[in-house]
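Reminder, nothing fancy here: chain letters follow the sequence lines and each chain counts from 1. Being a predicted model, the structure only gives us computed values, none of them experimental.
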Amino acid sequence: MSKSDFSFPPQLRLRTPAAYKNVFAQPVKSSDKYFTLLAIRNQLDHPRLGLAIAKKVIKRAVDRNTLKRLARESFRLRQHSLTALDIVVLARRDALTASPEVLRQSLEKHLLQLVKRCDS
RNA sequence: AGAGUUGACCGAACAGUCGCUGUUUUAUCGAAAGAUAAAAGGGAGGAAAGUCCGGGCUCCACAGGGUAAAGUGCCAGGUAAUGCCUGGGAGGCGUGAGCCUACGGAAAGUGCCACAGAAAAUAUACCGCCGUAAAAGUUCGCUUUCGCGGUAAGGGUGAAAUGGUGCGGUAAGAGCGCACCGCGCAACGGGUAACCGUUGUGGCAGGGAAAACCCCACUUGGAGCAAGAUCAAAUAGGGAAACACAAUGCGUGACCCGCGCUGUUUCCGGGUAGAUUGCUUGAGCCGUCGGGUGACUUACGGCCUAGAUGAAUGACUGUUUUAAACAAAACCCGGCUUACAGGUCGACUCUUUCU
RNA sequence: UGGGUUGUCGCCAAGCGGUAAGGCACGGGGUUUUGAUCCCCGCAUACCAAGGUUCGAAUCCUUGCAACCCAG
């Protein structure tokens with residue numbers, strides 16, 4: 001966390017299947033009817049974000065992209081309050097019908113909760 | 001003014017802040033590969049969709065031929081190619097502009113047409129109609145019954161019944177004859193052709209269905225960028241190329257004929273995870289002048305217009321006819337089909353009114 | 001992204017152009033002291049959708065919509 005800006009370079013993303021597998025193995029969970037977030041502590045000095053928006057759950061490509069953007073934006077603006085965590089965001093079916101404002105609040109809440117739980 | 005027909009186009013715009021992703025330039029670090037920073041400039045569609053067709057590209061197979069299978073189906077042209085497009089013909093719909101059509105062959109063959117009906121395709125004879133032998137009855141006109149023969153006008157069935165209408169003709173009838181229409185054949189004329197017109201002639205024979213099998217003509221090798229290529233930890237063992245070639249057996253990507261293998265010589269790596277590449281300059285776009293009825297196209301000039309890889313276009317604020325539809329590239333093109341708020345322009349038709 | 005398969009009552013399913021079997025479930029009745037079993041009756045409700053071919057389509061053709069499988 002050397003930078004003080006809100007950028008979102010490739011280092012802050014999960015990039016390999018192995019990294020995803022690691023998160024899915026023994027995660028700390030936080031979920032509601034819109035999203036399920038999984039997290040695990042990593043060995044780096046910054047958080048990383050992964051997205052798993054299933055085609056089976058969200059049918060249309062436009063909706064999938066919209067949800068991904070929401071999740072990235074939320075992560076980007078919150079990254080300084082997050083510790084060294086690998087986070088994966090899973091979408092659920094109800095996220096399709098919810099408004100962007102509700103989804104954003106949901107994501108913020110989950111991120112804060114994950115930080116609290118991983119610390120404890 | 002109203003109601004339509006048709007061709008083409010747009011697909012919220014602008015400004016600011018914070019972010020994402022390629023490209024170029026500069027600077028710093030570095031032996032290099034490259035990394036970081038700054039600036040400039042680029043960054044989803046008309047359908048990017050469905051994957052219904054056609055190609056490019058790549059690998060496999062491949063002398064070539066035959067069979068099968070699949071597709072297409074009026075004619076001509078366009079095109080890289082097509083099941084697409086254009087023009088023409090024929091049939092149908094609409095007052096019209098215009099629109100629609102899987103539109104070859106049913107006398108090459110096989111099969112099918114339930115129920116009903118006499119008969120569903122070699123026509124047949126149930127009720128009728130007509131003639132007539134015999135018998136019975138008789139008011140001597142004829143009637144009835146049962147046979148035989150003729151007939152396809154009428155009846156009823158059915159989705160569909162073996163040319164239609166009229167006149168003649170006949171015992172009753174019948175293309176039996178005639179006229180018109182329809183159909184077939186031939187000649188001539190027009191047209192590249194599909195086809196059209198005119199004349200003559202036959203004398204009516206064989207309904208439907210080929211999106212039943214099929215016949216005829218034409219087309220098609222198989223798989224797909226997760227194709228494939230390069231570098232290359234691990235692991236297992238040989239692998240590759242060239243030349244020659246008889247039999248058996250084996251293999252062979254629809255099948256068969258066919259084809260390949262074994263022997264000799266030469267060379268040395270192999271290929272999983274992963275990385276790089278394929279990856280965007282292309283049957284490209286725009287314009288002008290010619291050619292063509294048109295689809296399209298010759299020549300010339302100009303332009304570079306996404307290339308990601310857990311996968312980029314977003315968020316916030318402000319203004320404007322206001323809360324902006326359908327919808328997201330993943331190798332690339334040409335079509336088709338389907339979805340779509342709202343809007344712009346051109347051409348044409350009909351109705352009403354006015355001049 | 002590419003390749004392929006399938007859609008028939010609430011569920012499982014048969015159906016080879018001629019008016020949609022069967023089983024389970026469900027409802028009613030009978031048998032039984034009661035229940036199960038068994039028997040009888042019913043189930044107004046089903047061919048994924050829209051066009052086309054045909055006299056007639058669940059079946060043939062075209063287009064679309066869903067669901068599922070495979071490669072990775």
Of all the choices, B:G19, B:A327, B:U313, which nucleotide is nearest to the side chain of A:Arg76 once you look at every atom? B:G19
Would you please test A:Leu107 and A:Phe75 for side chain to side chain contact (heavy atoms under 4.5 Å, CB included) and show each step? CA-CA 8 Å; A:Leu107 282 167; A:Phe75 178 87; over 6 Å; no
Roughly how far apart, to the nearest Å, are B:G197 and B:A97 at atom C1'? 30 Å
Both A:Leu70 and A:Asp63 contact RNA chain B. Taking the nearest nucleotide for each, which residue is further toward the 5' end? A:Leu70
Minimum-distance nucleotide (side-chain atoms of A:Leu51 versus B:A327, B:A44, B:A311): B:A311
Quantified in whole Å, what is the P atom distance between nucleotide B:A61 and nucleotide B:U252? 14 Å
Which pair of heavy atoms, one from A:Gln113 and one from A:Ser30, lies closest together, and at what distance? OE1-OG, 2.9 Å
Assigned partner base of B:U5, Watson-Crick or wobble definition, under 3.5 Å: B:A347
Working to the nearest 0.5 angstrom, can you tell me the gap between A:Glu73 CD and A:Arg69 CZ? 11.0 Å
Separation of A:Leu77 atom CG from B:C20 atom P, in whole Å? 12 Å
Nearest to the side chain of A:Asn65, heavy atoms from C-beta on, is which of B:A312, B:A315, B:A327? B:A312
For the pair made of CZ in A:Phe75 and P in B:C20, what is the distance, rounded to whole Å? 13 Å
Given B:C20, is OP1 or OP2 found less than 4.0 Å from the side-chain N or O atoms of A:Arg69? no
For B:G50 versus B:A193, give the span between their P atoms, rounded off to a whole number of Å. 48 Å
For atom C1', what is the distance between B:A35 and B:G42, given to the nearest Å? 24 Å
Looking at B:C29, which nucleotide sits across from it as a Watson-Crick or G-U wobble partner, both distances under 3.5 angstrom, or is there none? B:G34
Work out how far the C1' atom of B:G87 is from that of B:U293, and round it to whole angstrom. 8 Å
Pair assignment for B:C300, Watson-Crick or G-U wobble, requiring both distances under 3.5 Å: B:G287
How far apart are the C-alpha atoms of A:Lys109 and A:Asp32, what are their side-chain angles, what is the distance that settles it, and do they pass the side chain to side chain contact (heavy atoms under 4.5 Å, CB included) test? CA-CA 10 Å; A:Lys109 189 184 72 190; A:Asp32 60 9; 4.0 Å; yes
Is A:Ser74 reaching over with its side chain to a backbone N or O of A:Leu70, donor-acceptor style, under 3.5 angstrom? no
Which nucleotide sits closest to the side chain of A:Arg72: B:A311, B:U313, B:A315? B:A311
Distance between the C1' atoms of C:A66 and B:A329, in whole angstroms? 26 Å
Provide the distance between the two C1' atoms, one in B:G117 and one in B:G206, to the nearest whole Å. 23 Å
Looking only at atom P, what distance separates B:G238 and B:U262, rounded to whole Å? 15 Å
Would you indicate whether the side-chain heavy atoms of A:Leu67 and A:Leu51 approach each other to under 4.5 Å? no
What nucleotide, of B:A327, B:A312, B:G314, holds the atom closest to the side chain of A:Lys68? B:A312
Does B:U319 have a Watson-Crick or wobble mate here (both distances under 3.5 Å), and if so which one? B:A13
Heavy atoms under 4.0 Å, any strand shown: does A:Arg104 hit a base, just sugar-phosphate, or nothing? sugar-phosphate
